[in-house]
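Shown next, in structure tokens, is the structure this report addresses.
For clarity, every value in this text was computed on a predicted model and none was experimentally measured. Along the sequence shown, residues are numbered consecutively beginning with 1.
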Amino acid sequence: MIGRLNHIAIAVPDLAAASAKYRDLLGAKVGQPQALPGHGVTVVFVDTGNTKVELLEPLGEASPIAAFLAKNPAGGMHHICFEVPDIAAAAATLTQGGARVLGDGTPKTGAHGNPVLFLHPKDFDGTLIELEQVPA
């Protein structure tokens with residue numbers, strides 16, 4: 001069902017500082033900040049050649065990333081994202097197998113303009129999983 005690893009997301013307390021580390025210390029190609037009000041975050045994508053790292057900063061106090069950073073003030077890995085060819089079919093298969101889709105189960109538009117869903121971390125060994133439908 002899952003395809004390639006699309007990205008690994010890291011919650012950070014300071015997006016500009018984190019972006020500079022990846023750019024200046026690691027020599028990575030770092031994109032521009034992108035506010036995603038529907039997800040409560042500002043993101044920057046770091047191109048690693050074979051996948052991406054998504055740096056996440058809270059966009060307001062109600063952001064789920066603000067709650068994550070309250071528990072993990074230095075930041076840390078937030079989720080991993082896998083590509084799927086059909087997000088509705090993937091969600092149906094997963095829920096039939098007992099996995100929980102977060103929210104109301106309706107895909108939201110993600111940072112790449114594609115439909116995304118999140119799966120409960122308790123169903124995947126403590127890891128929050130994002131699924132992103134990508135064009136064929």
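Gly98 and Asp123 get closest at one heavy-atom pair: O-OD2, 4.1 Å. Nearest heavy-atom pair, Ala66 versus Glu61, reported as atom, atom and distance to 0.1 Å: CB-O, 3.7 Å. Between Pro73 and Pro13, the closest heavy-atom pair is O-CG, 3.7 Å. For the residue pair Gly3 and Phe82, the shortest heavy atom distance occurs at O-CD2, 4.1 Å. Contact record, Gly76 with Phe68: O-CE2, 3.8 Å, taken as the closest heavy-atom pair. A pairwise comparison of heavy atoms in Ser63 and Pro58 identifies OG-CA, 3.6 Å as the closest pair.
Distance check: Ser19 OG to Glu57 CD gives 8.5 Å after rounding to the nearest 0.5 Å. In this structure, CG on Leu59 lies 8.0 Å from CG on Leu36, to the nearest 0.5 angstrom. Rounded to the nearest 0.5 angstrom, Leu5 CG and Ile80 CD1 are separated by 6.5 Å. For the atom pair CG (Asp14) and NZ (Lys21), the distance works out to 8.0 Å, reported to the nearest 0.5 Å. Taken to the nearest 0.5 Å, the CD atom of Glu83 stands 6.5 Å off from the CD atom of Glu132. Taking CZ of Phe45 as the start and CD of Gln34 as the end, the distance is 7.0 Å to the nearest 0.5 Å.
Between the side chain of Asp86 and the backbone N or O of Ala89 there is at least one donor-acceptor pair closer than 3.5 Å. Looking only at distances, a side-chain donor or acceptor of His120 sits under 3.5 Å from a matching main-chain atom of Lys122. Put simply, the side chain of Arg4 never gets that close to the backbone of Val84: no donor and acceptor are under 3.5 Å apart.
Under the 3.5 Å distance criterion, with hydrogens and angles disregarded, no donor-acceptor pair is assigned to the side chains of Asn114 and Gln133.
In this structure, the side chains of Leu131 and Ile2 come closer than 4.5 Å at one or more pairs of heavy atoms. A heavy-atom distance below 4.5 Å is found between the side chains of Met1 and Thr93. Side-chain contact between His39 and Val116 is present, with at least one heavy-atom pair separated by less than 4.5 Å. Counting only heavy atoms from C-beta outward, the side chains of Asn6 and His112 approach each other to under 4.5 Å.
Shown are Ile129, Thr127, Leu128; of these, the side chain to side chain contact (heavy atoms under 4.5 Å, CB included) with Leu119 is made only by Ile129. No option in Leu26, Ile8, Val30, Ile10 other than Val30 meets the side chain to side chain contact (heavy atoms under 4.5 Å, CB included) test with Val46.
Within 6.0 Å of the CG atom in Asp24, the count of heavy atoms belonging to other residues, nucleotides or ligands exceeds 12.
Taking the charged nitrogens against the carboxylate oxygens, Lys52 and Asp47 have no contact shorter than 4.0 Å, which rules out a salt bridge.
Note: His7 and His79 have perpendicular aromatic rings, judged against thresholds of 30 and 60 degrees for the angle between ring planes.
With hydrophobic clusters built from ILVMFWY side chains whose heavy atoms lie under 4.5 angstrom apart, Val12 does not share a cluster with Leu56.
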